[in-house]
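Only this structure's heavy atoms are used, side chains among them; waters, hydrogens and symmetry mates stay out.
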Amino acid sequence: MPVAVSDPNAAYVIAVIFLATLVRSTVGFGEALVAVPLLALRLPVSVAAPLATVFSVVIAGVVVAQDWRHVQVRSAVGLILPALVGVPLGALLLVRGNEHMVKALLGVVIAGFSIYSLSGRSKLHLSKDHPRWLLGCGFISGVLGGAYGMNGPPLVVYGALRRWSPQHFRATLQGYFLPVSTAGLLGYVVAGLWSAEVTRYLLLSVPATAIAIPIGRAINRRLTGQHFLQAIYVGLTVTGIMLLHQAR
């Protein structure tokens, strides 16, 4: 494709999308933490954010189509509804709130919870869906998504407390991301942020995504419950540290 040859950023964008898709397809979340910061090093945020969002929709759609039997439907719905309430409040927070304070507080809570859980001292476990946890995690996820595009951490905390298997974890999070990311994508379109550049990078990166999704699925199926939870808590710890760094 001539565009790929003439565009010095094309290979970089494709590599980032491949890595982000692999992470998302393997564990069910985390691609935004990979894609948006790395894409923003070479592309305007007005291109990076819609591009990351459209691939979030694509990945979620493919995973749900493949593994819909593993989706915990009641959990997904219980998280989606309060998230939709939280999204506009998150947008308001972005405009009027103290971003550094919010990210610092979130980073401390997420990193502290994850490190405590990795120590083996945490006994908290939800054997079934808990309305207050669903409401809280879903709402906070919506707020963070509307403000900073970071829906994942509260969802991951809930899934970890429920002790979902790697397969249920991956599929259920996609059941959440599919409608929520679609709503976010429509918001970008309405705001006029869908550009020819986004379309071009989307088309260039589709083959890389098509390769990364089945690789991630294969890795996910090889993960065991305990090792998967440990990997999740390590990922959350890294997320918390990144938030603290951004809050400086």
Side-chain angles (χ1 to χ4, degrees), residues 1-63 87 90-91 93-95 97 99-100 102-103 106-107 141-153 173-174 177-178 180-213 215-216 235 238-239 241-248:
M1 184 178 293
V3 175
V5 175
S6 62
D7 187 346
N9 292 324
Y12 177 82
V13 171
I14 292 170
V16 170
I17 293 298
F18 175 85
L19 177 61
T21 302
L22 184 62
V23 170
R24 170 76 169 269
S25 183
T26 299
V27 297
F29 75 104
E31 90 292 342
L33 297 171
V34 174
V36 176
L38 292 180
L39 289 174
L41 293 176
R42 297 283 190 91
L43 303 176
V45 175
S46 60
V47 174
L51 186 60
T53 302
V54 71
F55 276 104
S56 175
V57 174
V58 171
I59 298 165
V62 172
V63 172
V87 167
L93 178 64
L94 178 62
V95 175
E99 177 179 353
H100 297 289
V102 173
K103 286 189 174 182
L106 182 64
S141 174
V143 171
L144 294 177
Y148 312 119
M150 302 178 69
N151 305 68
L173 261 60
Q174 306 327 298
F177 280 119
L178 183 56
V180 174
S181 295
T182 299
L185 184 59
L186 291 175
Y188 286 130
V189 173
V190 171
L193 293 177
W194 186 276
S195 63
E197 194 173 7
V198 174
T199 301
R200 183 168 71 245
Y201 286 126
L202 168 62
L203 296 176
L204 286 171
S205 302
V206 164
T209 301
I211 294 171
I213 289 176
I215 294 175
V238 172
T239 300
I241 293 172
M242 289 177 63
L243 287 170
L244 288 171
H245 178 72
Q246 292 176 11
R248 293 170 57 187

Smallest heavy-atom separation, Ser181 atom then Thr53 atom, equals O-CG2, 3.5 Å
For Pro44, check side chain to side chain contact (heavy atoms under 4.5 Å, CB included) against everything at least two apart and list the hits. Ser46, Val47
Min side-chain heavy-atom separation Leu43-Glu197 under 4.5 Å: yes
Just so I know, are the side chains of Ile215 and Thr21 near enough to count as touching, which here means a heavy-atom distance under 4.5 Å? no
Given side-chain contact (heavy atoms from CB on, under 4.5 Å), test Arg200 with Asp7 step by step and report yes or no. CA-CA 10 Å; Arg200 183 168 71 245; Asp7 187 346; 4.0 Å; yes
Considering residues at least two apart in sequence or located in another chain, which fulfil the side chain to side chain contact (heavy atoms under 4.5 Å, CB included) criterion with Ala60? Arg24, Gln174, Phe177, Leu178
How far apart are the closest heavy atoms of Gly216 and Thr26, and which atoms are they? CA-OG1, 3.3 Å
For the residue pair Ala10 and Tyr201, what are the closest heavy atoms and their distance? CA-CE2, 4.2 Å
With distance as the sole test, does Ser56 use its side chain to make a donor-acceptor pair with the main-chain N or O of Ala52 at under 3.5 Å? no
Does any part of the side chain of Val13, heavy atoms only, come nearer than 4.5 Å to the side chain of Leu204, both counted from C-beta? no
Main-chain N/O of Leu38 paired to Tyr12 side chain as donor or acceptor, under 3.5 Å: yes
Heavy-atom pair of closest approach, residues Leu51 and Val198: CD1-O, 3.8 Å
How long is the span from the CD1 atom in Ile17 to the CD1 atom in Ile59, to the nearest 0.5 Å? 7.5 Å
Decide yes or no for Val62 and Thr209: does some side-chain heavy atom of the first lie under 4.5 Å from some side-chain heavy atom of the second? no
I need the minimum non-hydrogen distance between Thr199 and Trp194, along with the two atoms involved. OG1-NE1, 2.8 Å
